[in-house]
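Heads up, the thing below is written out as structure tokens.
Note that this is a predicted model, so its numbers are computed, not measured.
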Amino acid sequence: MRRHLVIIVSGRVQGVFFRGTAKEEADRLGIAGYARNEPDGTVRVEAEGDDAALDRFVAWCGRGPDFAKVDAVAVHEDGPAHFSGFTVE
């Protein structure tokens, strides 16, 4: 079953290649969507994929790349957006 999640990641997540590494992880897992820096310092990720892939992706978001320091990850489900591929905005 394909699901769509909105993931808000807070902490030291901007300027540490979070979005680019999220794209690499999403591509590896077959997840579509995007990652975008927000003005409040968080990273917003929208991700669509199957349950197992999304579970692994959310777990990765809780760690992030080497130089990130993730303080919190908020996740909620949204309606389908029918993304094709994963982009960095």
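Without hydrogens or angle criteria, Thr42 side chain to Glu38 main chain gives no donor-acceptor distance under 3.5 Å. A donor-acceptor distance shorter than 3.5 angstrom exists from the side chain of Glu48 to the backbone of Ala81, with no hydrogens or angles considered.
For residues 70-89, every residue pair satisfying the side chain to side chain donor-acceptor pair (under 3.5 Å) rule, not counting sequence neighbours, is listed here: Arg3-Glu77, Lys69-Asp71.
Within the 4.5 Å cutoff, no side-chain heavy atoms of Glu25 are placed close to those of Thr21. The shortest distance between side-chain heavy atoms of Val45 and Phe86 falls below 4.5 Å. The shortest distance between side-chain heavy atoms of Arg44 and Val6 falls below 4.5 Å. Under the 4.5 Å side-chain criterion, counting only non-hydrogen atoms from C-beta, Phe57 is in contact with Ile7.
No single ILVMFWY cluster, assembled from side-chain heavy atoms under 4.5 Å apart, contains both Val88 and Val16. Side-chain heavy atoms closer than 4.5 Å link hydrophobic residues (I, L, V, M, F, W, Y) into clusters, and following such links, even through other members, never connects Ile8 to Val43.
The residue from Ile31, Val75, Leu29 that alone fulfils the side-chain contact (heavy atoms from CB on, under 4.5 Å) condition with Leu54 is Ile31.
Remark: Phe83 engages His4, Tyr34 in a ring-ring contact (aromatic ring centres under 6.0 Å, His included) (not counting sequence neighbours).
At most 12 heavy atoms of other shown residues, nucleotides or ligands fall within 6.0 angstrom of atom CG in Asp66.
In plain terms, the two heavy atoms of Phe18 and Pro65 that are nearest each other are CD1-CD, 3.4 Å. For the pair Gly41 and Val13, the tightest heavy-atom approach, listed with the atom from each and the gap, is O-CG2, 3.6 Å. Here the closest heavy-atom approach between residue Arg63 and residue Val70 is recorded as O-CG2, 3.7 Å.
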message: Please determine whether side-chain contact (heavy atoms from CB on, under 4.5 Å) holds for the pair Glu24 and Phe17, giving the CA-CA distance in whole Å, both sets of side-chain angles, and the decisive distance to 0.1 Å.
response: CA-CA 11 Å; Glu24 291 172 4; Phe17 203 57; 4.1 Å; yes
